[in-house]
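Single-structure report; data block below.
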Amino acid sequence: MNSNQAKKEMVKQQYSELAMNSDLLKSGCCCGTNPTTPSKKVFTIMSEDYSQLKGYEADADLGVGCGLPTEYAGIKEGDTVIDLGSGAGNDCFIARAEAGESGRVIGIDFSTQMIEKARKNAVKRGYTNVEFMEGDIEEMPVPDNTADVVVSNCVLNLLPEKDKIFKEIYRVLKKGSHFCISDVVLNGIFPKEFTDNASMYAGCIASAIQKEDYLKEIEKANFTTIKVERTKTVVIPDDVLQEHLDEATIAKYKAGNVGIYSITVTGVK
C-alpha cells in the first residue's frame, strides 16, 4: 500500500468509527477529534448550523462539515444532484428538499458504516428519490454526464490527489452544469510534525492544501466561471491542539502564522 492509499484507509477507518459512535458525538466536528475516544469538550470549529434549512434531519447531521454548499448550489426542481462524501445523508436530504419529488439525489461515500446509516435515515423518512452508493469518489460509480449539480462538504481536502477528484467531477456533470463545494484551504505551511499527525489529517486540517493551488486544480480540470462564494476563517482552539500535538509542534504551528479557511466555491462545466 502506497502512502496515498494508506492516508485514504486511515480516513476511512476514522469516519467509519464516527458513524458507529455517532450517538455519542451528535455535536462533534471535523476538527481532528478521535471518534473512538471522544473529547469531553466539544469544539465546533468548522461546522455550520443547518437546522433552519428545509430538509434538515438532525440524526443525519454528524457535524463534520465546514460550510453550507447547498445554500449556494442553485439546485432546481427536477435536478439530479450528487453529494460527494455523503456521510449520514444530511446534505442529500437538504438537496432533496430543493430538487423536489421529480429530482434525484445520489450520495457517494467510501465508508460502509456511513452508507448503512444514510440508507436507514432515508428509509425511515420514506424517501424514494435519494440513493446512497458505496464507492471511491475519485472513481464514482455513475456514468458520464449524470448530474446537474455536484455538491460536497469538507471532504475533498481529505484526498491525497486533488487533481483526480476535480477531473472526476467534470466527467459526471452534464455540459453547462456546475458544482458547489465547501472545503478547507490554507495560506501558509504547516510544520511537518503537524501534517504527519493522523488525527489532524483525518480532521480536515493537515490534509488541506494552499488556496491558490486548490483553485488551480479546478482550472486545470477545465471548469469555467470559478467563483469563491464565501470564505470563513477557521481557528483551532488551544484545547484541540493540546489534545493531539506536543508543545514543540504547537509552538512551530503558531510561529508559522498559518491561515486556515473554509471556502465555498462554484464552477461550471
Side-chain angles (χ1 to χ4, degrees), residues 30 45-50 52-55 64-87 90-92 94-99 103 105-108 137-138 140 142 144-159 161-188 204-205 207-235 258-269:
C30 188
I45 62 174
M46 297 188 196
S47 58
E48 299 274 359
D49 181 11
Y50 272 79
Q52 303 305 312
L53 296 181
K54 186 179 178 183
V64 294
C66 62
L68 299 171
T70 50
E71 186 175 0
Y72 299 90
I75 298 168
K76 300 188 297 295
E77 186 88 17
D79 276 351
T80 294
V81 182
I82 296 178
D83 178 25
L84 306 182
S86 48
N90 190 34
D91 284 293
C92 287
I94 292 170
R96 179 191 179 278
E98 299 290 335
V105 181
I106 303 167
I108 304 175
I137 60 175
E138 291 180 323
M140 292 183 224
V142 295
D144 297 357
N145 308 308
T146 294
D148 298 291
V149 185
V150 170
V151 297
S152 187
N153 195 347
C154 208
V155 172
L156 305 193
N157 66 82
L158 292 166
L159 300 173
E161 299 175 86
K162 272 66 171 180
D163 58 330
K164 289 179 65 175
I165 184 58
F166 286 112
K167 291 174 182 175
E168 186 68 351
I169 293 170
Y170 191 91
R171 178 185 72 80
V172 302
L173 278 169
K174 300 173 185 176
K175 186 175 181 181
S177 296
H178 64 279
F179 71 79
C180 184
I181 292 167
S182 293
D183 219 342
V184 180
V185 295
L186 308 176
N187 180 20
C204 311
I205 300 170
S207 54
I209 64 173
Q210 302 297 304
K211 177 181 177 181
E212 181 180 351
D213 294 336
Y214 192 97
L215 296 176
K216 281 181 180 177
E217 292 297 346
I218 298 174
E219 290 177 6
K220 283 160 56 177
N222 293 322
F223 285 102
T224 61
T225 323
I226 300 164
K227 181 181 178 183
V228 177
E229 304 283 354
R230 180 174 182 252
T231 301
K232 182 180 77 170
T233 300
V234 175
V235 177
V258 180
I260 308 171
Y261 306 98
S262 164
I263 64 170
T264 297
V265 59
T266 55
V268 178
K269 177 175 177 179

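A quick note: this is a predicted structure, and the numbers were derived from the prediction, not measured. These numbers come from the heavy atoms of this one structure, side chains and all, not from hydrogens, waters or symmetry mates.
A distance of 5.5 Å separates CD1 of Ile169 from CE of Met140, quoted to the nearest 0.5 Å. Summarising the geometry, atom CD1 belonging to Ile165 is positioned 10.5 Å from atom CG belonging to Asp183; distances are rounded to the nearest 0.5 Å. How far OG of Ser86 is from CD1 of Ile108: 7.5 Å, rounded to the nearest 0.5 Å. To the nearest 0.5 Å, atom CG of residue Asp148 and atom NZ of residue Lys174 are 3.5 Å apart. Taking CG of Asn153 as the reference point, atom CG of Leu84 lies at 11.0 Å (rounded to 0.5 Å). The structure places CG of Asp83 at 9.0 Å from OG1 of Thr70, a figure rounded to the nearest 0.5 Å.
Judged as a salt bridge (charged side-chain N to carboxylate O under 4.0 Å, His left out), and not counting sequence neighbours, the contacts of Glu168 are Arg171. Listed by chain and residue number, nothing satisfies the salt bridge (charged side-chain N to carboxylate O under 4.0 Å, His left out) test with Lys167 (two or more places apart in sequence, or in another chain). Applying the side chain to side chain donor-acceptor pair (under 3.5 Å) rule to Thr264 yields the partners Ser182; only residues at least two apart in sequence or on another chain are considered. With sequence neighbours left out, the ring pair (Phe, Tyr, Trp, His ring centres under 6.0 Å) criterion links Tyr261 to no other residue.
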ask   = Can Glu138 and Leu159 be said to form a side-chain contact (heavy atoms from CB on, under 4.5 Å), step by step?
value = CA-CA 9 Å; Glu138 291 180 323; Leu159 300 173; 3.9 Å; yes

task = Show the numbers, then the answer: is there a side-chain contact (heavy atoms from CB on, under 4.5 Å) between Glu217 and Asp213?
result = CA-CA 6 Å; Glu217 292 297 346; Asp213 294 336; 5.7 Å; no

Listed pairs under 3.5 Å, donor-acceptor, residues 221-231 side chains, sequence neighbours left out:
{"residue": "Thr224", "atom": "OG1", "partner": "Val268", "partner atom": "O", "Å": "3.3"}
{"residue": "Glu229", "atom": "OE2", "partner": "Thr266", "partner atom": "OG1", "Å": "2.9"}
{"residue": "Arg230", "atom": "NH1", "partner": "Glu48", "partner atom": "OE2", "Å": "2.8"}
{"residue": "Arg230", "atom": "NH2", "partner": "Glu48", "partner atom": "OE2", "Å": "3.2"}

Do any side-chain atoms of residues 72-80 form donor-acceptor pairs under 3.5 angstrom with protein atoms, and if so which ones, sequence neighbours left out?
{"residue": "Asp79", "atom": "OD2", "partner": "Lys76", "partner atom": "N", "Å": "2.8"}

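Side-chain N or O atoms of Gln210 include none that pairs as donor or acceptor with a backbone N or O of Val185 at under 3.5 Å. When atom types are taken as modelled, the side chain of Asn157 and the backbone of Ile209 share no donor-acceptor pair closer than 3.5 angstrom. Without hydrogens or angle criteria, Asn187 side chain to Val258 main chain gives no donor-acceptor distance under 3.5 Å. The closest donor-acceptor contact from the side chain of Lys269 to the backbone of Tyr170 lies under 3.5 Å.
The two residues Leu186 and Ala208 make their nearest non-hydrogen contact at CD1-O, 3.4 Å. Of all heavy-atom pairs between Lys54 and Ala97, the closest is O-CB, 3.5 Å.
With Ile82 as reference, Val172 is the one residue of Val151, Val149, Val172 to meet the side-chain contact (heavy atoms from CB on, under 4.5 Å) rule.
Counting heavy atoms from C-beta outward, Val81 and Asp91 have side chains that stay 4.5 Å or more apart. Put simply, the side chain of Val265 reaches to within 4.5 Å of the side chain of Ile218, judged on heavy atoms. Annotation: side chain of Val234 is not in contact with side chain of Cys66 (no heavy-atom distance under 4.5 Å).
For Lys216 and Glu219, the salt-bridge test fails: no basic side-chain N is under 4.0 Å from an acidic carboxylate O.
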